[in-house]
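Structure record follows, encoded as C-alpha cells.
Counting starts at 1 for both ligands and their atoms, following the listed order.
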Amino acid sequence: MAGRLPVVPRPEADERLSSWLTRLAGLYAMPVDALLGHLGVGGTTVHDLEWRLPEGEGASIARGTGISPEELQAMTFGNIVPDARMMIAQRNRYRCPLCLSDTREAGVRRKAAAFPWTWRCPIHGASYVTSTGAELESLLGNERLAALDRHAEHGAARLSAWVRGEDDGDERVPAVPAMLDLLTARHRKPSPPSLSEQPRMSLQERRDNHAFLTRPIVRQALTVVVPEYDLVAPVLTKPVRAGLSSLATASLLQAYALAVGIGRLAEDPVDPVVAVLLASDAAGEGRVRTVLRKWPLTSRRCVYARFWRAQRSERDREAALKAARGPQSHKLRFSQSHYFRYAVS
Ligand SMILES: [Zn+2]
C-alpha cells in the first residue's frame with residue numbers, strides 16, 4: 001500500500017468525487033485509473049465509485065488523501081434512488097460562462113450540474129449555456145421565462161426530493177415517474193408540422209422540403225400542459241423520450257419544459273389532465289387512461305368527473321347550435337371541438 005499523497009487539494013463545495021479525483025490525478029500528471037491503482041482501489045472506475053462508494057474503498061482513498069470517509073461519501077450519489085441513476089450525466093450538462101473564465105473553477109464538476117433540472121450555475125447564478133450557445137432567455141424570451149420560473153422551480157424541487165427518495169407523491173399528487181409518464185404520453189397520433197410550426201417558405205422551398213413538411217411528428221401531452229413549450233420548441237426536436245428517459249436525454253429547453261410540467265401537475269393534478277384528455281384522439285385517450293391508472297384515486301376520480309362534464313356540455317352546446325342554425329359546415333364543427341382548450345393562467 002502506497003503512502004499518503006504529499007499535496008491534496010480540498011474538494012470544492014458540492015464537488016463530485018469523479019471531478020475531484022480527476023483533478024487530483026491531473027496534479028500528479030497521471031491517468032485517473034493509475035491514481036485509483038495507487039490509492040489501492042484499482043479495477044473500478046471513478047463513475048462507479050461516485051455512484052456507490054463501498055466502505056473499504058472509501059477507507060483506502062481516505063488513507064491516501066487525508067480526506068475523511070464521511071466527506072468522500074458526501075461527494076458521491078450514494079443517496080440517489082436507483083431509478084434516477086440514468087439522470088446523472090458523467091460530465092456537466094451545460095456550461096456556465098463565468099465558471100469558464102474563473103481559473104479556480106476550471107475542471108470542477110458539481111453534483112447539482114449533473115442533473116437536467118439545474119439550469120443556473122449554483123456558484124455564479126448565471127444561466128447555463130448549451131453547446132450551441134443558447135440559454136433559456138434566448139430560447140423562451142425573458143417575459144415567458146419569468147412567468148414560467150415559479151412552476152419550473154417547483155418542478156425542480158420535486159425532482160430533487162424524488163431522486164433523494166424523499167418524495168413518492170401523496171394522496172393527491174402522483175410520484176415523479178407517473179407525472180413523466182403522463183407528460184410524455186402520446187395523446188394524439190403523429191402528424192406533420194402544422195402551418196404555425198413551419199418556417200416561412202417560398203413555393204420552391206416548400207417543394208424542396210417536402211420530406212420535412214410531410215414528416216409525422218410525435219404528439220405528446222407535454223405540449224398541452226406546457227403550451228409555451230409547444231410555441232417555441234423547434235418542431236423536429238419537440239418530441240421527448242418516454243417516461244424517465246425523457247429527462248435523462250433532454251436538451252436544456254426540453255428539461256425546463258418537463259420541470260414546468262411537473263410543477264404544474266403538482267400544483268393542480270386535475271385540470272391540466274382534463275385538458276390533455278379533451279385534446280386527445282380516441283387511441284391517445286386510451287394511452288392517457290392507461291398512464292392514469294398509476295395516479296392517486298382521489299385525483300383520478302376528479303379528472304374523470306370533470307372530463308365527463310366537459311364532454312357533456314360540449315355535446316349540449318353542439319346540439320343547441322345545431323337546432324338553432326340547422327346543418328353546419330365542416331369548418332365550424334372543427335372549431336367547436338377545440339372549445340375546451342386548456343387555458344394557461
Ligand atoms: Zn458558474
Test question: given the 4.5 Å side-chain rule for I, L, V, M, F, W and Y, name all other residues clustered with Val129, or answer none.
none

Will you find, in the side chains of His154 and Glu267, an N or O donor that is under 3.5 Å from an N or O acceptor?
yes

Which one of His47, Lys111, Arg16 satisfies the side-chain contact (heavy atoms from CB on, under 4.5 Å) criterion with Ile88?
Arg16

May I have the list of side-chain donor-acceptor pairs in residues 171-180 shorter than 3.5 Å, sequence neighbours left out?
none

Should the ring pair Phe77 and Phe115 be called parallel, tilted or perpendicular, given that the plane angle runs from 0 to 90° and is split at 30 and 60?
perpendicular

The Zn ion (ligand 1): protein N, O or S atoms that are less than 2.8 Å away, sorted by chain
Cys96 SG, Cys99 SG, Cys121 SG, His124 ND1

List for me each residue that meets salt bridge (Lys or Arg N to Asp or Glu O under 4.0 Å) alongside Arg93, sequence neighbours excluded, and say none if there are none.
none

